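Everything quoted here is computed from the prediction, not taken from an experiment. The figures here come from the full heavy-atom set of this structure, side chains too, leaving out hydrogens, waters and symmetry mates. Reminder, nothing fancy here: chain letters follow the sequence lines and each chain counts from 1.
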Number of protein chains: 2
Amino acid sequence: MNDALAPAALAPAALAALIDHTLLRPDATAVEVRQLCEEAAAFGFHAVCVNPLWVAEARRALAAAPVAVCSVVAFPFGATPAANKAAEAARAVADGAAEIDMVIAIGALKAGDHDAVRADIAAVRRAVPAALLKVIIEAALLTEAEKIAACTLAVAAGADFVKTSTGYGGGGATIADVALMRGIVGPRIGVKASGGIRTAAAANAMIAAGANRLGVSASLTLIGVASVAAGIH
Amino acid sequence: MNDALAPAALAPAALAALIDHTLLRPDATAVEVRQLCEEAAAFGFHAVCVNPLWVAEARRALAAAPVAVCSVVAFPFGATPAANKAAEAARAVADGAAEIDMVIAIGALKAGDHDAVRADIAAVRRAVPAALLKVIIEAALLTEAEKIAACTLAVAAGADFVKTSTGYGGGGATIADVALMRGIVGPRIGVKASGGIRTAAAANAMIAAGANRLGVSASLTLIGVASVAAGIH
């Protein structure tokens, strides 16, 4: 391998600051959520990312730690009316979430109903005006044209970030998708790469491609505290 | 094989009347939902089962056909607060759903928080008192003791049916789970087997084990109209 072509590798602490430390398994328990929060505070992850059921628990567990709580919304299918997404997001923010990762209306996008996709995102945007809003496009299910449309509509509807994947939609983040998404949204909107990122090398490659946030479940291993990870997970 | 031990095979029309004709892929479109409804009306399926986003579309497409619309709720993770589940269910019923398939709070069950599991189901029950309420226990993620607890709590909270699986939780219906669930809930509560049922033989085996409803995506093939299915799907 030609080192001149390798992306610069961030130090573990710098990587940690870009990571949403993620636990979205449907059978996760309160104990596991509290463990996630302890890890995030101990290792300096940007946020914890949890299901809406666990937002209040996570916010309590983090107390005054400088770690955001991120809640997913309409996860992982995105196939519920906009009003439900807006209400779920509003409740998550009331419970302590500062960031919302919502799933788009994938079927509406596939049918070319761009007005519906945009209105769906805009409804969540209006419901949580002060939250950081990330829009999951579920890239593995989309054509290139659909990926471009999804990112364009997300920006138009007021999203702060576009995000590649739920991790439950048949495929995770790819370098090509991250680069495409960064190219569409430009430098002022965030790009979160998520799904299948399990090594520092993969994380650095995503960042080199344009990601400025990473959704990671194997975060401890990724930043090199494998021994702790082995004991906890 | 000893025919005396084989379950009785229902005729296709009798099987169809026990089937919730199901389309829950997150990228399903309105066109596909309308097709699902046409198939259900043409072949006499009991219901169509769709994501909440498509309930109104399905109800319109079915017009006066004697086919129920079933909406999933908190699907497929079940990891959102009870108030969100109740609101999503109420909206689905307002949109035309007569049946609600909700996912339990799996993590709460795993933590032994039975009060939370029961309260979660009861909140949906109160929100949609006139709907047929099916409670998805996601059996593949549960121990036997947890399956028993989940069924017991569902009945206590007013469920009309217990249901094996989302189809997205790492495993579908098994004969053993259906028999266990029927044994717990007794004869007056329904048991819906769902996830991975793709043949008439599998369907009949589930019925012999105690199921009185089947959630099926490959419904046309299952009732022997494979040529139509091949053209449509």
Using non-hydrogen atoms only, which part of A/A30 is less than 4.5 Å away from chain B: side chain, backbone, both, or neither?
neither

Minimum heavy-atom separation for B/P26 and A/L141, please, with both atom names.
CG-CD1, 4.1 Å

For A/P76 against B/P76, the heavy-atom pair lying closest together:
CD-CD, 3.3 Å

Every donor-acceptor pair from chain B to chain A under 3.5 Å, please, each on its own line.
residue: B/L53; atom: N; partner: A/A79; partner atom: O; Å: 2.9
residue: B/A79; atom: O; partner: A/L53; partner atom: N; Å: 2.9
residue: B/T80; atom: OG1; partner: A/E88; partner atom: OE2; Å: 2.5
residue: B/N84; atom: OD1; partner: A/R91; partner atom: NE; Å: 2.7
residue: B/E88; atom: OE2; partner: A/T80; partner atom: OG1; Å: 2.4
residue: B/R91; atom: NE; partner: A/N84; partner atom: OD1; Å: 2.7

Interchain contact, A/A74 with chain B, by part (heavy-atom threshold 4.5 Å)
neither

Side chain, backbone, both or neither: which part of B/A83 has a heavy atom under 4.5 Å from chain A?
both

State the CG-CZ distance between B/L24 and A/F77, to the nearest 0.5 angstrom.
7.0 Å

